[in-house]
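What follows is one structure encoded as structure tokens, with my remarks underneath.
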Amino acid sequence: MVEKSHRSGERENQPLKPECLAPAPYFVVPVELAEHVLREGIAKSFRTFILLKFYSNGTINRDRLDNAAIMRLSGCKDIRTFEGHLDQLEERGMINRSKRLIFLRSFDFIRVHLEFQSSTSFLLHPEHLDHLQETLFAAVIGGMLRFQEKVRWLQARKKRRANQSGHRHFSYPAVSLTLAANKTGLSRTRTSQLKTKAIQIGLLSSKPHYRRVNLREAQVRQAKAHAPETVRRIRFINGQFFEQLTDELHCHLILKKRRNRKNVTHRKEIFTTKKIYPGLLSQRGKKVKKRGTQCGRPKQLIK
């Protein structure tokens with residue numbers, strides 16, 4: 001049996017260099033945070049944040065930080081780019097830093113700070129960092145599909161057509177490009193590119209759907225000449241005309257619910273003290289008073 005060393009003054013949460021600590025197996029990231037990152041266009045800064053979280057315990061000492069290793073992992077060619085990423089993260093309350101220390105906020109704190117409503121999250125593994133934007137896009141699509149499934153289940157339950165065995169057999173899940181673009185704040189072209197790459201990587205899978213229409217070849221030619229937008233989804237397959245519907249989509253990321261979301265929401269005063277984040281205000285517009293135990297604060301800030 002290996003004995004644990006008990007040196008005087010040694011802390012368990014002392015920051016380590018990237019080479020000294022193996023990465024964590026995964027993180028439970030809110031789906032709304034993935035949507036926020038895509039909408040704000042801070043995917044590179046968020047990648048730096050995830051890297052720092054994987055290779056640290058939440059507290060980073062700049063004196064012991066290997067800048068060359070961090071820049072190599074994050075893909076930054078200049079230290080100013082790395083500092084710019086930290087500035088964007090600090091503006092959004094995801095980190096708090098001083099001259100010597102960098103404190104990485106927990107995802108529960110970020111959920112409360114950015115006022116996320118949904119408790120749906122996804123598992124982010126280290127291998128997802130190679131295709132982070134595609135992973136975030138797949139997570140947003142998975143959250144939309146899960147919400148659609150819940151709506152269909154509630155509608156079927158209201159109509160008393162729910163399956164008693166617990167399995168849900170409804171219409172196929174689908175998300176159009178327009179809906180996905182509006183959700184993420186991206187253009188249709190960029191949304192289509194992310195969807196194609198996510199399918200190639202294996203984060204998403206699609207299946208085309210068609211509906212037979214009673215049209216003749218002369219009618220289709222006449223419609224193409226006068227109103228081409230009305231037949232742009234018409235396809236000729238095996239001697240018949242079909243209308244191409246929205247593709248069926250399936251997300252292969254693991255989605256789950258955050259069970260302690262209510263506790264974090266009710267203890268918002270603990271996380272939003274003046275010393276941690278002075279700019280955060282309560283719902284009434286007043287500064288939150290310091291109350292109770294400061295369990296949500298980093299140990300280095302507690303005197």
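What you see below is based on every heavy atom in this structure, not just the backbone, and it leaves out hydrogens, waters and symmetry mates. We number each residue from 1, following the sequence as shown.
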Closest non-hydrogen atom pair between [X] and [Y], with its separation:
X: K257; Y: S119; result: CD-OG, 3.3 Å
X: V175; Y: Q148; result: CG2-NE2, 3.9 Å
X: P173; Y: R152; result: CB-NH2, 4.1 Å
X: L253; Y: A139; result: CD1-N, 3.6 Å
X: H36; Y: F116; result: CB-CZ, 4.3 Å
X: L203; Y: A138; result: CB-CB, 3.9 Å

Look up atom [atom1] in [X] and atom [atom2] in [Y], then write down how far apart they are to the nearest 0.5 Å.
X: R146; Y: F122; atom1: CZ; atom2: CZ; value: 13.0 Å
X: L129; Y: R47; atom1: CG; atom2: CZ; value: 5.5 Å
X: H252; Y: L204; atom1: NE2; atom2: CG; value: 7.0 Å
X: H209; Y: D247; atom1: NE2; atom2: CG; value: 8.0 Å
X: T120; Y: F147; atom1: OG1; atom2: CZ; value: 10.0 Å
X: I201; Y: T196; atom1: CD1; atom2: OG1; value: 11.0 Å

[X] vs [Y] side-chain heavy atoms within contact, under 4.5 Å:
X: Q133; Y: R190; value: yes
X: I254; Y: Y26; value: no
X: I141; Y: L145; value: yes
X: F82; Y: I79; value: yes
X: L104; Y: S56; value: yes
X: V28; Y: L123; value: yes
X: N61; Y: L101; value: yes
X: K197; Y: H131; value: no

Classify the angle between the aromatic ring planes of F49 and F107 as parallel (below 30°), tilted (30 to 60°) or perpendicular (above 60°). perpendicular

Report, as yes or no, whether the 6.0 Å neighbourhood of atom CZ on R100 holds more than 12 heavy atoms from other residues, nucleotides or ligands.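 Not more than 12 within 6.0 Å, no.
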
Ignoring hydrogens and geometry beyond distance, is a side-chain donor-acceptor pair present between H128 and T135 at under 3.5 Å? no

For S45 and R92, does a side-chain donor sit closer than 3.5 Å to a side-chain acceptor? no

